[in-house]
> 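So that we are looking at the same thing, I have put the structure below in structure tokens.
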2 protein chains.
Amino acid sequence: MAKSKPTPFHHGDLKRVLFDVALSRLDEHGAGGVTIRAVAKAAGVSHGAPVNHYRDRRALLTAIAKAQFDTLLNEIDTKLAAIDHDHGSRIEIFANVMMDFGFRYPHRYRLLWSADLVDHADAELLSVMDKIYDQLCTGVTKGAPGREFDKDTYAVAFWAMVHGYVDLRLSGMFEPLNDSISGAPRGDAIIDMFKKLLA
Amino acid sequence: MAKSKPTPFHHGDLKRVLFDVALSRLDEHGAGGVTIRAVAKAAGVSHGAPVNHYRDRRALLTAIAKAQFDTLLNEIDTKLAAIDHDHGSRIEIFANVMMDFGFRYPHRYRLLWSADLVDHADAELLSVMDKIYDQLCTGVTKGAPGREFDKDTYAVAFWAMVHGYVDLRLSGMFEPLNDSISGAPRGDAIIDMFKKLLA
DNA sequence: AACTTTATATTGACACTGTCTATATAATTG
DNA sequence: CAATTATATAGACAGTGTCAATATAAAGTT
């Protein structure tokens with residue numbers, strides 16, 4: 001029999017625990033609540049322990065962001081693969097996945113675009129973001145062939161609109177609860193409009 | 001002759017100095033560089049002085065955000081007033097003002113939508129944002145009359161697209177310097193596309 | 001003018017934060 | 001078993017926001 005204890009080191013897989021605790025704190029208290037010391041405390045280790053697994057706070061948050069992009073990539077991938085060939089609503093999948101994620105996990109979504117908290121020059125992060133963009137482009141070309149606008153313009157405009165809508169709503173604008181701007185349309189109305197413009 | 005000394009109190013107009021210093025630090029170091037203590041130091045007062053003029057850090061940043069929205073409102077107002085009646089490119093003014101501001105003052109633009117740093121429930125802030133939204137709606141109705149989409153859907157979609165494009169670029173995406181996504185279109189190409197879709 | 005009240009500024013304290021150092025211990029390697 | 005590496009601890013330092021106590025300047029009141 002080999003080792004019955006799968007924990008290779010002192011604590012075991014502290015790295016994973018730190019990640020989970022940090023993600024939980026992100027959802028609850030926002031990125032500001034993800035402090036090295038608080039995460040270490042919740043993980044039951046001293047404040048100096050995390051440095052062995054995450055160089056600094058930024059590295060921890062970057063790891064979380066990367067995992068979220070991975071999740072988004074997989075979700076879009078799965079739903080894209082399940083759809084009929086040359087179905088017209090491929091871009092809708094992209095939009096729905098992004099919006100669902102943004103409204104379900106607002107703090108995670110905000111973190112994705114926080115240049116001060118996340119290292120957007122991280123190679124792995126860039127790679128995942130690239131793949132998501134490629135997925136969108138696939139949706140664009142297959143969904144709306146022969147348009148007068150080039151692929152990139154269309155893809156960027158669409159992503160910008162989806163992102164902008166989520167981000168503005170997370171800022172409190174267009175919020176159903178916020179009556180400052182009444183009659184704000186819902187996300188599907190926005191997408192619907194964009195789709196009709198292309199039809 | 002009245003009082004030759006216009007400084008009514010100890011320091012004079014510390015409130016304005018604090019504001020200016022904070023804005024300058026925002027542009028240079030981002031919102032993270034706008035600390036009460038650093039601002040107080042740069043203003044030449046003790047770290048406890050600012051509380052008499054700004055309740056806390058959030059209040060200071062909210063004041064700055066409000067001033068930026070005021071600037072945007074005025075800029076749009078001026079350019080809208082100078083344009084021909086029922087000119088088709090009224091929405092373009094909105095987009096150009098927003099994008100110019102965002103790319104010129106990235107940290108200011110980011111601050112506008114930072115719910116953790118700015119009190120978006122502030123009545124004055126809401127009022128200015130409302131007015132900007134109304135300006136956009138004016139541009140929408142006068143620029144593209146008789147469309148099949150309701151005014152709010154159109155306005156929100158357009159603002160979302162403009163905001164999303166600026167915000168994504170400030171995150172490092174679509175950056176000309178960042179070659180991860182090549183061939184990213186420029187802002188005017190996005191607006192141009194949106195306009196043509198409506199023509 | 002003198003007194004009171006208010007506005008403003010200073011100072012010190014407290015509980016946090018990230019990050020660095022030195023130290024200790026566990027796990028692995030030779 | 002010895003040496004090396006990986007991991008965890010504890011302490012320190014310079015910051016941070018915010019609060020309380022104190023001091024002073026200005027304005028209001030009598």
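Chain letters run A, B, ... following the sequence lines, proteins first and then strands; every chain starts at 1.
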> How many Å lie between CG on B:Leu60 and C1' on D:dT18, as a whole number?
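Going from CG in B:Leu60 over to C1' in D:dT18 covers 14 Å.
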> Can a side chain N or O of B:His53 be found less than 4.0 Å away from OP1 or OP2 on C:dA7?
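No, no such contact exists.
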> Please report the distance, rounded to the nearest Å, between CG in A:Asp116 and P in C:dG18.
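Distance, rounded to whole Å: 14 Å.
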> Rounded off to whole Å, could you give me the CZ-to-P distance for the B:Arg57 and C:dT17 pair?
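It works out to 15 Å between those atoms.
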> Both A:Ala38 and A:Gly48 contact DNA chain C. Which one's nearest nucleotide lies toward the 5' end?
A:Ala38
> What is the nucleic acid contact for B:Ser46, judged by heavy atoms within less than 4.0 Å: base, sugar-phosphate only, or nothing?
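Touches a base.
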> Assess whether one donor atom and one acceptor atom, taken from the side chain of A:Asn52 and the base of D:dA8, lie less than 3.5 Å apart.
yes
> Any non-hydrogen side-chain atom of B:Tyr109 less than 4.5 Å from a side-chain atom of B:His163?
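With C-beta onward as the side chain, the pair touches.
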> Rounding to a whole Å, what distance do you find between A:Arg55:CZ and D:dT7:C1'?
18 Å
> When you measure from the side chain of B:Thr78 to the backbone N and O of B:Asn74, does any donor-acceptor pair fall under 3.5 Å?
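Yes, the answer is positive, given that a donor and an acceptor are paired below the 3.5 Å cut-off.
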> Starting from C1' on D:dA8, measure out to NZ on A:Lys41 and report it in whole angstrom.
18 Å
> Is there a donor-acceptor contact under 3.5 Å from the side chain of B:Asn52 to the main chain of B:Ala49?
yes
> Classify the side chain of B:His47 versus the base of C:dG12 as yes if they form a donor-acceptor pair under 3.5 Å and no if they do not.
yes
> Please confirm whether any donor atom in the side chain of B:Arg37 sits under 3.5 Å from an acceptor in the base of D:dT18, or the reverse.
yes
> How would you list, by chain and number, every residue that makes a ring-ring contact (aromatic ring centres under 6.0 Å, His included) with B:Tyr54, sequence neighbours excluded?
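ring-ring contact (aromatic ring centres under 6.0 Å, His included) check on B:Tyr54 returns nothing, list empty.
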> In whole angstrom, give the distance that lies between atom CG of B:Leu14 and atom C1' of D:dA25.
14 Å
